[in-house]
Amino acid sequence: MPPFAGSHPGFESNIVSIDVGGQLFQTTKQTLTSAGPKSFFSRITEASPLYTPFIDRDPELFSLLLSLLRTGNLPSKAKAFDLQDLILESQFYGIENLLINSLSSPSQLEPFNLQKSLVLPLNGRDSPSSVATTPYGSLHVAHGSKITTFDWSLRRKSTILTHFTAVDSLLAISPSVAAAGANDFSGLQILDLEKGHVRDTLNWENVTKSGSTVQAIGSSPEHLFASFESSRRNSNTIVVYDLHSLRPISEICHNEIYGADIDSAIPATKLQWVQGHNLLMASGSHSGPSGVSGNIRLWDVRSGNVVWEMSEKVDCFADVAVSDELSVMFKVGVNSGEAYYVDLRNLSGENSWVCLGDKRKVMNGKKEGVGSKIETQGNQVFCTKGGNVELWSEVIMGNAKKERILKKNLMGRVQDMGGAKITNLAFGGSRMFLTRKDQQCVEVWQSSSRDL
């Protein structure tokens with residue numbers, strides 16, 4: 001039998017003993033080192049092996065966090081404890097980021113097991129107009145002239161008053177900083193949500209020198225994108241900013257409208273960065289006497305050129321989203337309310353939409369998809385229909401033609417489905433957030449296995 005660690009003369013022990021609230025714990029230096037150089041535990045690993053530090057904290061909570069250090073996950077018994085207590089302890093030891101990653105990492109999203117678990121009430125009488133999330137579950141909600149922020153645990157919230165009558169576009173730059181714009185108020189504002197003030201206002205100087213309103217906001221790891229339209233509605237553009245300095249870099253899709261040029265008159269109302277292709281998806285639509293028409297373009301931001309575009313007239317989109325993992329673009333038809341997709345693996349002018357639902361609804365003229373939302377998360381696609389959410393996922397068939405086959409799946413519990421029409425749909429960390437018409441709250445959907 002080999003000797004115990006540290007029993008051999010001259011061998012430096014790898015075992016560390018810690019007294020927490022009168023209870024002795026033993027672990028290894030490697031386990032404590034995983035907490036990071038700025039954590040409370042970094043000082044313990046540097047102490048003499050003959051010294052047993054005493055920490056005047058709760059030993060039961062410490063045992064849970066020690067399990068987190070050992071395995072990267074909380075043990076199942078953590079469900080018996082209040083999350084706020086765990087948060088406070090993790091902050092004391094300097095390992096809150098590890099706790100966030102364990103509970104709210106995007107990799108923890110279980111789409112087939114999502115259930116409505118929480119309702120977040122909002123102050124005032126205004127319903128949410130826009131929501132924005134961070135990768136680890138922080139949430140910003142615009143309602144009326146206010147923006148309410150919930151931290152990643154959804155236990156702490158704060159509300160600030162903006163200069164806007166209503167916020168129409170909202171993007172989370174960080175858990176404490178957001179970009180906001182309105183269709184009737186000039187400028188893109190960068191807001192410090194903790195201090196409640198405007199850090200910067202970004203404006204587009206158009207040819208007519210009139211004000212410019214924000215129609216959409218997007219971002220990549222390096223850039224911030226803003227779709228502007230002049231107050232006179234005779235010009236529009238997408239401005240590319242450096243995300244860190246907020247310095248304008250370039251303009252793409254700059255249009256000056258003359259006469260009845262409807263196509264150039266449509267500003268982009270949704271911007272999404274497609275990381276796998278290094279392209280910016282920009283879409284916008286217009287409702288006129290002949291129905292709804294629009295266009296979708298993929299832009300190479302570096303050259304400012306359009307790589308691919310599609311005009312929409314028959315069953316124009318109510319919403320568009322791109323899945324990087326699937327390399328597929330999805331839309332929900334404004335007439336049919338059905339989900340469609342187009343494969344981006346072979347971009348060409350011959351690409352056409354493939355209907356995932358009942359394509360016979362296209363010609364019924366009822367505009368069943370007005371206001372519907374479609375979003376992708378990983379390789380899953382979520383599409384709203386009235387008060388319900390449809391979940392679509394790819395089925396791997398291994399056929400020679402490599403055709404895409406997507407199947408509609410059941411999601412969560414039957415009793416959670418239905419209700420007032422869904423107005424916003426977003427994902428942050430391991431959660432899905434949605435809002436409904438005329439309701440002053442946000443629904444939180446997450447896997448029951450992730451609840452504490």
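Counting heavy atoms of neighbouring residues, nucleotides and ligands inside a 6.0 Å radius, atom CZ of Arg199 does not exceed 12 of them. Applying the 6.0 Å contact sphere to CZ of Arg302 captures no more than 12 heavy atoms from other residues, nucleotides or ligands. Few gaps surround CG on Leu161; more than 12 heavy atoms of other groups in view lie less than 6.0 Å from it.
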key: Audit row: Phe225, Trp273, ring-ring contact (aromatic ring centres under 6.0 Å, His included) steps and yes/no   = CA-CA 9 Å; Phe225 310 106; Trp273 180 248; 5.8 Å; yes

request  = Test side-chain contact (heavy atoms from CB on, under 4.5 Å) on Met281 and Trp308 and set out the steps.
outcome  = CA-CA 10 Å; Met281 189 281 292; Trp308 177 87; over 6 Å; no

request  = Could you give me the CA-CA distance, side-chain angles and deciding distance for Arg431 and Gln446, then say whether side-chain hydrogen bond (donor to acceptor under 3.5 Å, both in side chains) is met?
outcome  = CA-CA 5 Å; Arg431 306 179 181 108; Gln446 57 190 14; 3.0 Å; yes

inquiry  = Quick one, Ser230 with Ser235, criterion side-chain hydrogen bond (donor to acceptor under 3.5 Å, both in side chains). Give me CA distance, side-chain angles, the key distance, then yes/no.
reply    = CA-CA 5 Å; Ser230 66; Ser235 59; 3.2 Å; yes

request  = Output, in order, the C-alpha distance, side-chain angles, deciding distance and verdict of side-chain hydrogen bond (donor to acceptor under 3.5 Å, both in side chains) for Asn255 and Asn236.
outcome  = CA-CA 5 Å; Asn255 295 306; Asn236 57 67; 3.0 Å; yes

request  = Report the C-alpha separation of His143 and Ser127 in whole Å, then their side-chain angles, then the decisive distance to 0.1 Å, and conclude whether the side-chain hydrogen bond (donor to acceptor under 3.5 Å, both in side chains) test is met.
outcome  = CA-CA 6 Å; His143 49 117; Ser127 301; over 6 Å; no

query = What's the verdict on side-chain contact (heavy atoms from CB on, under 4.5 Å) for Lys331 and Trp353, showing C-alpha distance, side-chain angles and the deciding distance?
reply = CA-CA 9 Å; Lys331 77 166 185 177; Trp353 294 109; 3.7 Å; yes

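A distance-only check finds no donor-acceptor pair linking the side chain of Arg297 to the backbone of Cys253 [under 3.5 Å]. Ser90 contributes no side-chain N or O that, together with a main-chain N or O of Leu99, makes up a donor-acceptor pair within less than 3.5 Å. Counting only distance, with no hydrogens or angles, the side chain of Arg436 and the backbone of Ala420 share a donor-acceptor pair below 3.5 Å. Using a distance-only test at 3.5 Å, with no hydrogens or angles considered, a donor-acceptor pair links the side chain of Asn409 to the main chain of Lys407. Between the side chain of Asp192 and the backbone N or O of His197, no donor-acceptor pair lies under 3.5 Å. Here the side chain of Asn206 pairs a donor or acceptor atom with the backbone of Ser210 at under 3.5 angstrom. Judged by distance alone, with hydrogens and angles left aside, the side-chain atoms of Ser430 form a donor-acceptor pair with the main-chain N or O of Leu103 at under 3.5 Å. Remark: the backbone N or O of Gly369 is paired with a side-chain donor or acceptor of Ser372 at under 3.5 angstrom. Distance alone, capped at 3.5 Å, is enough to place a donor-acceptor pair between the Ser34 side chain and the Thr31 backbone. Judged by distance alone, the side chain of Asn183 and the main-chain N or O of Gln215 form no donor-acceptor pair under 3.5 Å.
Between Glu368 and Lys385 there is no salt bridge, since none of the side-chain N atoms of the basic residue sits less than 4.0 Å from a carboxylate O of the acidic one.
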Counting only pairs under 3.5 Å, give me each side-chain donor-acceptor contact of residues 316-328, with atom names and distances, residues two or more places apart or in other chains.
residue : atom : partner : partner atom : Å
Asp319  : OD1  : Lys270  : NZ           : 3.2
Asp319  : OD2  : Ile374  : N            : 2.9
Ser323  : OG   : Leu326  : N            : 3.2
Ser323  : OG   : Gly378  : O            : 3.2
Asp324  : OD1  : Gly276  : N            : 2.9
Asp324  : OD2  : Gln275  : N            : 2.8
Asp324  : OD2  : Gly276  : N            : 3.0
Ser327  : OG   : His277  : NE2          : 3.0

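Looking at residues two or more places apart in sequence or on another chain, you find a salt bridge (charged side-chain N to carboxylate O under 4.0 Å, His left out) between Asp151 and Arg156. Residues meeting the ring pair (Phe, Tyr, Trp, His ring centres under 6.0 Å) test with Phe427, sequence neighbours left out: Phe382.
Counted by atom type alone, Asn97 and Tyr136 present zero donor-acceptor pairs between their side chains at under 3.5 Å.
The CD atom of Glu251 sits 10.0 Å away from the CD1 atom of Ile238 when rounded to the nearest 0.5 Å. One finds the OG atom of Ser129 at 8.0 Å from the CG atom of Leu170 (value rounded to the nearest 0.5 Å). We find the OG1-CD distance between Thr435 and Glu443 to be 8.5 Å, quoted to the nearest 0.5 Å. With rounding to the nearest 0.5 Å, the separation of CD in Glu375 from CD in Gln272 is 7.0 Å. One distance of note links CG of Asp438 with CG of Asp126; it measures 11.0 Å at 0.5 Å rounding.
Considering every non-hydrogen atom in both Trp392 and Leu356, the closest pair reads CH2-O, 2.9 Å. Between Gln440 and Arg125, the shortest heavy-atom distance links the atoms NE2-O, 3.3 Å. Listed here is the closest heavy atom pair of Pro175 and Thr149: O-CG2, 3.9 Å. A pairwise comparison of heavy atoms in Ile95 and Ala35 identifies CG2-CB, 3.6 Å as the closest pair. For the pair Glu229 and Trp204, the tightest heavy-atom approach, listed with the atom from each and the gap, is C-CZ3, 4.4 Å. Scanning both residues, Glu96 and Trp152, for their nearest heavy atoms gives OE2-NE1, 3.0 Å.
For the pair Arg155 and Leu83, the minimum side-chain heavy-atom distance is below 4.5 Å. Two residues are said to be in side-chain contact when any heavy atoms from C-beta on lie closer than 4.5 Å; Thr162 and Lys146 fail this criterion. Counting only heavy atoms from C-beta outward, the side chains of Trp299 and Leu279 never approach each other to under 4.5 Å. Inter-residue side-chain proximity for Ser145 and Phe164 is flagged as unmet; no heavy-atom pair is nearer than 4.5 Å. Between Trp445 and Met411 the shortest side-chain heavy-atom distance falls below 4.5 Å. By the 4.5 Å heavy-atom criterion applied to side chains, Val119 and Val444 are not counted as neighbours. In this structure the side chain of Ile217 reaches within 4.5 angstrom of the side chain of Leu224, judged on heavy atoms. Glu222 places none of its side-chain heavy atoms less than 4.5 Å from the side chain of Leu243.
Ring centroid separation for the pair Phe41 and Tyr93 comes in under the 6.0 Å cut-off.
Under the 6.0 Å distance and 45° angle rule, Lys157 does not count as a cation-pi partner of Phe150.
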